[in-house]
Amino acid sequence: MASYLSYGKRPAWLFLILLAIAAASGCGTSSPNATILPTTPPSATFPQFNHVVLVVEENHNYSDVIGNSSMPYLNSLALQYGSATKFYANTHPSIGNYLMMTTGQIITNDDSFSGTVSVDNVVRQLVASGKTYKTYAESLPSVGYTGGDSYPYSKHHNPMAYISDVTGSATQAKNLVPFSQFGADLAANQLPNFSFVVPNLLDDAHDGTLSAADVWLQQNMGPLLANSTFQADGLLIVVFDEALQSDTTNGGGRVAAVLVSAKAKRGFSSTTTYQHQSLLRLVMHGLNVLTYPGAAATAPEMSEFFQ
């Protein structure tokens, strides 16, 4: 018997039944903060992951990173796995890019922003889908901390600290943890489905050097890539939040983005134009969460990186 499980192969009568069910459940209604569902189905061949780790570095142009001998570790990953050669940040300065990665909207360009973000977001959709997450923020003063900067920790590099789903819930706030917890969770095979990793200002190349950032990546992501569980079902993404202020191409300039996974094509170099909303879509789709916040709903999908 022919299989009808993949998109494009369902018989007409099944499509009509599904359409009737959707209409009866009120899928046509909307609200001001409703997520826009994609108009086309996601790729049926997109791989699924149990663990996605996103590491965000700071403020360097693509040309300063890729091919730079000061970052041998990151460049080795880019050569061995996948690299996006036309990835662009959305804005300057940092905060709008971090919010785009997590809400699909820039929200604000004020790095001193101290408000609450209540629009649809990655936390809301992960929790609704029964997925787990943590922000591992280096130099975070304490578990659940949502206060201001505490150098070298920078709040505007930690978007979860603004999201109402986190700040308004003592339970969810416990998922904001110092980065020192990352190694312990990895060793115990207790990493969440989604890990948002925030190096501090000395280790993310903001105040420190690219060389120091590269050493930090090797010391802390090397054990992750050597972990057998992660090798089987994991995806590591390393991306720079924005280019230098002088590069405003597509809003925030051209930056490096590297994807590492056993399910990724080896030595793949993409020439497709992507921005942080595609990164958000990648994270969620990879975890089989198919309701995408904000601009992620219509963003180009990054499925070309995978087998």
Side-chain angles (χ1 to χ4, degrees), residues 32-35 54-60 88-127 133-170 172-179 194-207 239-248 250-253 255 275-280 283-284 292-296 299:
N33 288 328
T35 296
L54 173 59
V55 183
V56 187
E57 305 285 10
E58 278 282 315
N59 296 29
H60 281 82
Y88 297 89
N90 296 77
T91 190
H92 293 297
S94 292
I95 190 169
N97 296 297
Y98 283 89
L99 290 170
M100 181 60 77
M101 293 178 206
T102 49
T103 72
Q105 300 183 44
I106 291 174
I107 307 290
T108 180
N109 280 320
D110 179 7
D111 276 348
S112 300
F113 176 72
S114 60
T116 301
V117 174
S118 59
V119 299
D120 195 14
N121 59 79
V122 63
V123 169
R124 188 173 302 171
Q125 295 304 329
L126 288 171
V127 171
Y133 74 94
K134 281 183 182 177
T135 290
Y136 295 93
E138 190 177 26
S139 302
L140 187 76
S142 60
V143 173
Y145 180 80
T146 59
D149 296 351
S150 178
Y151 193 85
Y153 166 75
S154 179
K155 180 179 180 177
H156 66 268
H157 293 170
N158 182 7
M160 309 304 191
Y162 299 96
I163 290 175
S164 60
D165 304 64
V166 176
T167 62
S169 168
Q172 298 303 327
K174 291 178 182 178
N175 290 317
L176 305 182
V177 301
F179 181 73
F194 178 48
S195 302
F196 193 95
V197 176
V198 185
N200 67 30
L201 291 169
L202 298 174
D203 291 325
D204 65 5
H206 187 284
D207 292 356
V239 68
F240 281 72
D241 74 319
E242 60 175 324
L244 297 178
Q245 293 280 341
S246 57
D247 184 357
T248 58
N250 291 329
V255 296
Q275 292 190 271
H276 290 311
Q277 56 265 40
S278 286
L279 193 73
L280 173 57
V283 168
M284 302 194 73
Y292 308 106

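Atoms considered below: every heavy atom in the structure, side chains included; atoms not considered: hydrogens, waters and symmetry mates.
Side-chain contact, Gln125 with Tyr292: no donor N or O sits under 3.5 Å from an acceptor N or O.
Contact check for Asp203 versus Phe179: no side-chain heavy atoms found under the 4.5 Å cut-off. Put simply, the side chain of Thr135 does not reach to within 4.5 Å of the side chain of Asn175, judged on heavy atoms. You'll find the side chain of Met101 stays beyond 4.5 Å of the side chain of Val283, heavy atoms only.
Every pair tested for salt bridge (charged side-chain N to carboxylate O under 4.0 Å, His left out) that includes a residue from residues 145-164 fails, sequence neighbours excluded, so the list is empty. Sorted by first and then second residue, the pairs that involve residues 97-108 and meet side-chain hydrogen bond (donor to acceptor under 3.5 Å, both in side chains), not counting sequence neighbours, are Glu58-Tyr98.
Residues forming a side-chain hydrogen bond (donor to acceptor under 3.5 Å, both in side chains) with Ser278 (at least two apart in sequence, or on another chain): none. Evaluation of the side-chain hydrogen bond (donor to acceptor under 3.5 Å, both in side chains) rule for His92 yields Glu242 as partners, not counting sequence neighbours. In terms of the salt bridge (Lys or Arg N to Asp or Glu O under 4.0 Å) criterion, residue partners of Asp165 (sequence neighbours excluded) are, by chain and number, Arg124. Here Phe194 pairs with nothing under the ring-ring contact (aromatic ring centres under 6.0 Å, His included) rule; sequence neighbours left out. In this view, Thr91 and Asn109 satisfy the side-chain hydrogen bond (donor to acceptor under 3.5 Å, both in side chains) rule, not counting sequence neighbours. Not counting sequence neighbours, the partners of Asn250 by the side-chain contact (heavy atoms from CB on, under 4.5 Å) test are Tyr88, Thr273, Gln275. The side-chain hydrogen bond (donor to acceptor under 3.5 Å, both in side chains) search around Tyr136 returns Asp185, not counting sequence neighbours. Not a single ring-ring contact (aromatic ring centres under 6.0 Å, His included) links His156 to another residue, sequence neighbours left out.
Of all the heavy atoms in Leu202 and Pro152, the pair that sits closest is CG-CB, 4.1 Å. Between Pro199 and Val55, the shortest heavy-atom contact is CG-CG1, 4.1 Å. The two atoms that bring Met160 and Val166 nearest to each other are O-CB, 3.5 Å, heavy atoms only. Taking every heavy atom of both residues into account, His157 and Phe196 meet most closely at O-CE2, 4.1 Å. Heavy atoms only, all atoms of each residue included: Ala243 and Val255 are closest at N-CG1, 3.3 Å. Residues Tyr162 and Thr167 approach most closely at C-CG2, 4.1 Å, considering heavy atoms.
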Could you tabulate the donor-acceptor pairs under 3.5 Å formed by side-chain atoms of residues 137-146, not counting sequence neighbours?
unit_1: Glu138; atom_1: OE1; unit_2: Asn200; atom_2: N; d: 2.9
unit_1: Glu138; atom_1: OE1; unit_2: Asn200; atom_2: ND2; d: 3.4
unit_1: Glu138; atom_1: OE1; unit_2: Trp216; atom_2: NE1; d: 3.4
unit_1: Glu138; atom_1: OE2; unit_2: Trp216; atom_2: NE1; d: 3.3
unit_1: Ser139; atom_1: OG; unit_2: Asn200; atom_2: ND2; d: 3.0
unit_1: Tyr145; atom_1: OH; unit_2: Gly148; atom_2: N; d: 3.3
unit_1: Tyr145; atom_1: OH; unit_2: Gly148; atom_2: O; d: 2.9

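A donor-acceptor contact shorter than 3.5 Å links the side chain of His276 to the backbone of Asp241. Remark: side-chain polar atoms of Asp111 are paired, donor with acceptor, to backbone N or O of Ile95 under 3.5 angstrom.
With rounding to the nearest 0.5 angstrom, the NE2 atom of His206 is 10.0 Å from the NE2 atom of His60. We find the CG-CG distance between Leu99 and Asn121 to be 10.0 Å, quoted to the nearest 0.5 Å. Distance check: Ile163 CD1 to Ser169 OG gives 12.5 Å after rounding to the nearest 0.5 Å.
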